[in-house]
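Note sheet for the following structure.
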2 protein chains.
Amino acid sequence: MSTDKLSRPGSHLLNAESTSGIVGYRLRRAQLSVFQRFLAVFDELDLRPAEYAMLLLIADNPGRRQNEIADALGIKHANFVGLVQGFDGRGLIERRPAAGDRRAKALYLTPEGSAFLARAHEVHDRLEASMVAALGGESERDILLGLLDRLS
Amino acid sequence: MSTDKLSRPGSHLLNAESTSGIVGYRLRRAQLSVFQRFLAVFDELDLRPAEYAMLLLIADNPGRRQNEIADALGIKHANFVGLVQGFDGRGLIERRPAAGDRRAKALYLTPEGSAFLARAHEVHDRLEASMVAALGGESERDILLGLLDRLS
DNA sequence: CACTATTGTTATATGAAATAACAAACGCGT
DNA sequence: ACGCGTTTGTTATTTCATATAACAATAGTG
């Protein structure tokens with residue numbers, strides 16, 4: 001599963017003038033490219049982009065209910081169940097009954113989860129650094145993030 | 001199917017510090033948001049982002065073979081067949097036997113296809129203008145496109 | 001001419017995301 | 001305390017995009 005072939009589209013041959021000015025198109029291309037690299041780098045950790053974001057969010061907000069985390073990530077509750085069960089099964093997170101509501105489950109990182117996230121964080125830092133380098137520097141990265149936010 | 005609810009994720013409530021600095025995450029968010037708007041605006045034309053790009057590419061490169069267009073768009077040949085058949089069925093494109101190769105099919109826009117694309121182009125121009133406005137101006141748009149390319 | 005590669009195609013598998021229905025628990029109003 | 005709509009987490013199902021496999025017809029090459 002490592003080092004997938006990266007199907008580089010669009011690159012040559014055809015006149016792509018008309019698509020070149022389209023924000024949405026270029027956005028999608030860049031996003032796909034970045035995700036491809038993410039998947040390649042995180043292959044050994046068996047961690048997908050959305051899952052990494054999920055762990056980060058739980059680490060930042062321990063004890064929040066499952067649905068709160070799902071909402072913050074923009075994931076439907078039903079689809080979030082599988083993610084939670086997966087990480088629970090891997091021993092990386094813990095579902096504890098929430099205080100004051102016997103329906104709700106509060107999410108926490110286990111010690112193993114914290115350790116795992118630390119490793120993931122290192123891997124991601126390297127990836128992020130390579131992207132900053134591609135962008136030309138920290139300031140360019142900040143400019144990009146600012147512009148992206150205005151589109152969201 | 002019109003005016004879908006736009007599930008705005010992430011917005012409030014939780015501490016999202018850790019995800020805020022991640023290029024890939026913000027990229028995905030922006031891309032989703034832009035595509036949502038695209039889908040809403042193009043709802044009446046029954047045209048998806050990839051389909052619009054496809055028509056533009058055929059308009060720019062009339063007579064190219066099916067697989068060339070598919071490659072340029074980064075779409076697998078097998079999956080492109082359905083798209084082509086769809087537009088052929090709508091009378092917007094035409095598949096003609098390619099000169100010199102009886103296997104290949106050369107793609108052209110029909111007159112109806114050109115008219116349709118012209119309408120789509122108008123709709124898209126308005127969408128693009130609104131995004132440029134959100135970004136703060138033409139120059140910001142160009143900066144964004146430049147940065148996105150460096151990531152691709 | 002024999003063999004391999006390419007073109008378009010069908011059928012199928014995989015994976016993400018949306019929807020529907022549900023039981024358990026909550027909380028509100030009376 | 002009761003009844004009733006709502007929320008939480010869950011399962012099952014659907015839809016949709018994309019990936020893979022196999023195939024017939026044609027092309028090109030040694």
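Computed from heavy atoms alone, side chains included, the values below leave out hydrogens, waters and symmetry copies. Note that the structure is predicted; figures quoted are calculated from it, not measured. Chain identifiers are assigned alphabetically (A, B, ...) following the order of the sequence lines, protein sequences preceding nucleic acid strands; residue numbering begins at 1 within each chain.
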What integer distance in Å separates [X]:[atom1] from [N]:[atom2]?
X     : N      : atom1 : atom2 : value
A:F35 : D:dA17 : CZ    : C1'   : 15 Å
A:K76 : D:dT8  : NZ    : C1'   : 16 Å
A:R28 : D:dT18 : CZ    : C1'   : 11 Å
A:F80 : C:dT19 : CZ    : P     : 19 Å
A:L83 : C:dG15 : CG    : P     : 14 Å
A:D71 : C:dA17 : CG    : C1'   : 15 Å
B:L39 : C:dA17 : CG    : P     : 15 Å

Worksheet item: Does B:F80 have any ring-ring contact (aromatic ring centres under 6.0 Å, His included) partners at least two apart in sequence or in another chain, and if so, which?
Response: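 Listed in chain order: nothing, the list is empty.
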For nucleotides 4-9 of chain C, list the nitrogen or oxygen atoms of the protein found under 3.5 Å from its nitrogen or oxygen atoms, one pair per line.
{"unit_1": "C:dT6", "atom_1": "O2", "unit_2": "B:R103", "atom_2": "NH1", "d": "2.2"}
{"unit_1": "C:dG8", "atom_1": "OP1", "unit_2": "B:Q66", "atom_2": "N", "d": "3.4"}
{"unit_1": "C:dG8", "atom_1": "OP1", "unit_2": "B:K105", "atom_2": "N", "d": "2.8"}
{"unit_1": "C:dG8", "atom_1": "OP1", "unit_2": "B:K105", "atom_2": "O", "d": "3.3"}
{"unit_1": "C:dG8", "atom_1": "OP2", "unit_2": "B:N67", "atom_2": "N", "d": "2.8"}
{"unit_1": "C:dG8", "atom_1": "OP2", "unit_2": "B:N67", "atom_2": "OD1", "d": "2.8"}
{"unit_1": "C:dG8", "atom_1": "OP2", "unit_2": "B:N67", "atom_2": "ND2", "d": "2.9"}
{"unit_1": "C:dG8", "atom_1": "O3'", "unit_2": "B:K105", "atom_2": "NZ", "d": "3.3"}
{"unit_1": "C:dT9", "atom_1": "OP1", "unit_2": "B:R95", "atom_2": "NH1", "d": "2.7"}
{"unit_1": "C:dT9", "atom_1": "OP1", "unit_2": "B:K105", "atom_2": "NZ", "d": "2.5"}
{"unit_1": "C:dT9", "atom_1": "OP2", "unit_2": "B:Q66", "atom_2": "OE1", "d": "3.2"}
{"unit_1": "C:dT9", "atom_1": "OP2", "unit_2": "B:Q66", "atom_2": "NE2", "d": "2.7"}
{"unit_1": "C:dT9", "atom_1": "OP2", "unit_2": "B:R95", "atom_2": "NH1", "d": "3.2"}

Which residues pass the side-chain contact (heavy atoms from CB on, under 4.5 Å) test with [X], not counting sequence neighbours?
X      : value
B:R103 : B:D101
B:N79  : B:I75, B:K76
A:A59  : A:L109, A:L117

Worksheet entry | B:R141/B:E138 ion pair, N-O < 4.0 Å | yes
Worksheet item: Should B:R48 be listed as having a side-chain N or O under 4.0 Å from OP1 or OP2 of D:dA17?
Response: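 So the side chain of B:R48 is within the cut-off, an N or O lying under 4.0 Å from OP1 or OP2 of D:dA17.
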Practice prompt. Please collect all salt bridge (charged side-chain N to carboxylate O under 4.0 Å, His left out) contacts where either partner lies in residues 77-95 of chain B, sequence neighbours excluded, each pair once.
Written response: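 Only B:D88-B:R95, B:E94-B:R96 qualify under salt bridge (charged side-chain N to carboxylate O under 4.0 Å, His left out).
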